[in-house]
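Basis for what follows: all heavy atoms, side chains included, without hydrogens, waters or symmetry-related copies. Along the sequence shown, residues carry numbers from 1. What you see is a predicted model, and the numbers here were worked out from it, not measured in a lab.
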Amino acid sequence: MAVAIVFPTLARMLALSRRHPVSPLLSMTSFRRFYRGDSPTDSQKDMIEIPLPPWQERTDESIETKRARLLYESRKRGMLENCILLSLFAKEYLHRMTEEQLNRYDRLINEPSNDWDIYYWATEAKPAPEIFENEVLALLRDFAKNKNKEQRLRAPDLEYLFEKPR
């Protein structure tokens with residue numbers, strides 16, 4: 001009886017659990033959550049597209065600053081698959097890229113508004129727009145094939161930043 005006075009919600013849940021073999025929380029909730037997915041009947045009229053500012057090449061930074069920024073941006077992505085793929089790619093190739101290649105890599109990882117696009121282009125699941133078809137994307141595609149069958153389960157440790165480039 002004391003439980004009912006002090007914790008009325010808890011008492012109600014206990015009472016409901018005796019009557020319903022299903023979780024009492026399910027019978028108490030008044031809201032619904034659904035995942036619609038890629039239903040062919042979905043009109044997507046309720047989707048909201050958030051406009052992003054257009055990508056602009058940074059012409060005022062040094063090549064060392066650009067490399068450091070791209071290294072960070074390669075590691076901190078919106079999805080784990082790209083964090084792993086791009087951070088390992090950056091570890092392997094950023095220190096060897098020319099300034100022009102760095103600019104192309106910058107555009108590749110920062111202009112698209114959807115990280116899945118970058119992943120699909122790198123793994124050749126979808127064709128890339130013509131503006132991204134260049135030697136950097138070709139290098140990334142080749143890297144994504146993992147021809148050496150390396151174990152790529154996480155982003156590299158940061159100790160390599162203090163090693164001399166190979």
Side-chain angles (χ1 to χ4, degrees), residues 23 25-26 29 31-166:
S23 171
L25 292 174
L26 293 176
T29 56
F31 63 91
R32 295 182 183 178
R33 295 181 69 189
F34 295 100
Y35 172 70
R36 187 171 35 218
D38 294 327
S39 169
T41 60
D42 184 11
S43 68
Q44 298 187 349
K45 290 181 182 176
D46 59 341
M47 279 185 49
I48 299 172
E49 182 91 19
I50 299 172
L52 297 173
W55 176 82
Q56 292 180 340
E57 186 175 343
R58 298 181 188 195
T59 57
D60 59 337
E61 65 185 353
S62 69
I63 195 163
E64 294 83 21
T65 302
K66 185 181 292 284
R67 275 197 178 95
R69 178 177 58 79
L70 290 174
L71 177 69
Y72 176 82
E73 291 173 348
S74 295
R75 292 183 64 87
K76 303 298 181 185
R77 304 306 303 177
M79 52 184 267
L80 181 60
E81 293 85 349
N82 275 359
C83 290
I84 294 170
L85 178 64
L86 295 177
S87 64
L88 290 169
F89 177 79
K91 176 185 177 184
E92 185 72 25
Y93 292 104
L94 271 188
H95 65 278
R96 289 189 252 159
M97 287 186 181
T98 65
E99 188 167 7
E100 181 62 32
Q101 289 173 321
L102 289 172
N103 290 337
R104 289 178 178 176
Y105 182 67
D106 187 6
R107 177 176 222 148
L108 174 66
I109 69 170
N110 289 311
E111 186 173 357
S113 62
N114 186 344
D115 252 20
W116 279 110
D117 288 338
I118 300 167
Y119 183 78
Y120 290 145
W121 301 336
T123 58
E124 299 182 83
K126 291 183 179 178
E130 191 63 35
I131 194 163
F132 298 113
E133 288 291 348
N134 56 51
E135 75 273 6
V136 174
L137 181 57
L139 198 60
L140 179 59
R141 283 178 175 155
D142 190 56
F143 183 80
K145 290 177 184 170
N146 195 10
K147 293 177 182 174
N148 296 332
K149 304 294 183 213
E150 300 168 327
Q151 188 176 18
R152 296 178 179 172
L153 301 176
R154 62 188 180 94
D157 295 326
L158 294 176
E159 284 80 25
Y160 76 89
L161 294 174
F162 304 107
E163 298 171 358
K164 296 219 183 249
R166 297 185 245 162

Completion exercise
Sequence neighbours excluded, the answer for side-chain hydrogen bond (donor to acceptor under 3.5 Å, both in side chains) partners of Thr65 is Ser62
Handout entry: With sequence neighbours excluded, residues passing side-chain hydrogen bond (donor to acceptor under 3.5 Å, both in side chains) with Asn82
Key = none
Handout entry: Test side chain to side chain contact (heavy atoms under 4.5 Å, CB included) applied to Asp106 and Glu57, step by step
Key = CA-CA 8 Å; Asp106 187 6; Glu57 186 175 343; 5.5 Å; no
Exercise for the section: Output yes when Glu61 and Arg69 qualify as a salt bridge under the 4.0 Å nitrogen-oxygen rule, no when they do not. Expected result: yes
Handout entry: Arg77/Glu81 ion pair, N-O < 4.0 Å
Key = no
Gap separating the [atom1] atom of [X] from the [atom2] atom of [Y], nearest 0.5 angstrom:
| X | Y | atom1 | atom2 | result |
| --- | --- | --- | --- | --- |
| Glu73 | Tyr105 | CD | OH | 9.0 Å |
| Ile63 | Arg67 | CD1 | CZ | 4.5 Å |
| Ile109 | Asp115 | CD1 | CG | 9.0 Å |
| Met97 | Lys66 | CE | NZ | 12.0 Å |
| Leu140 | Leu85 | CG | CG | 5.0 Å |
| Lys76 | Cys83 | NZ | SG | 7.5 Å |

Side-chain donor-acceptor contacts of residues 124-136 below 3.5 Å, not counting sequence neighbours, with atom names and distances?
| from | atom 1 | to | atom 2 | distance (Å) |
| --- | --- | --- | --- | --- |
| Glu133 | OE1 | Arg141 | NH1 | 3.0 |
| Glu133 | OE2 | Arg141 | NH1 | 3.4 |
| Glu133 | OE2 | Arg141 | NH2 | 3.0 |
| Asn134 | OD1 | Val136 | N | 2.9 |
| Asn134 | OD1 | Leu137 | N | 3.1 |
| Asn134 | ND2 | Phe132 | O | 3.4 |
| Glu135 | OE1 | Arg104 | NH1 | 2.5 |
| Glu135 | OE2 | Arg104 | NH1 | 3.0 |

Exercise for the section: Could you pull out all residues at least two apart from Asp117 that satisfy salt bridge (Lys or Arg N to Asp or Glu O under 4.0 Å)? Expected result: none
Exercise for the section: Check ring pair (Phe, Tyr, Trp, His ring centres under 6.0 Å) between Tyr72 and all other residues, then give those that pass, not counting sequence neighbours. Expected result: none
Handout entry: Qualifying residues under side chain to side chain contact (heavy atoms under 4.5 Å, CB included), relative to Leu139, sequence neighbours excluded
Key = Phe89, Tyr93
Looking only at non-hydrogen atoms, find the nearest pair between [X] and [Y] and report the distance.
| X | Y | value |
| --- | --- | --- |
| Arg75 | Ser87 | CG-CB, 3.7 Å |
| Ala144 | Ala122 | CB-O, 3.6 Å |
| Glu92 | His95 | O-CE1, 3.2 Å |

Exercise for the section: State whether the side chain of Glu111 and the backbone N or O of Leu108 hold a donor-acceptor pair below 3.5 Å, judged by distance alone. Expected result: no
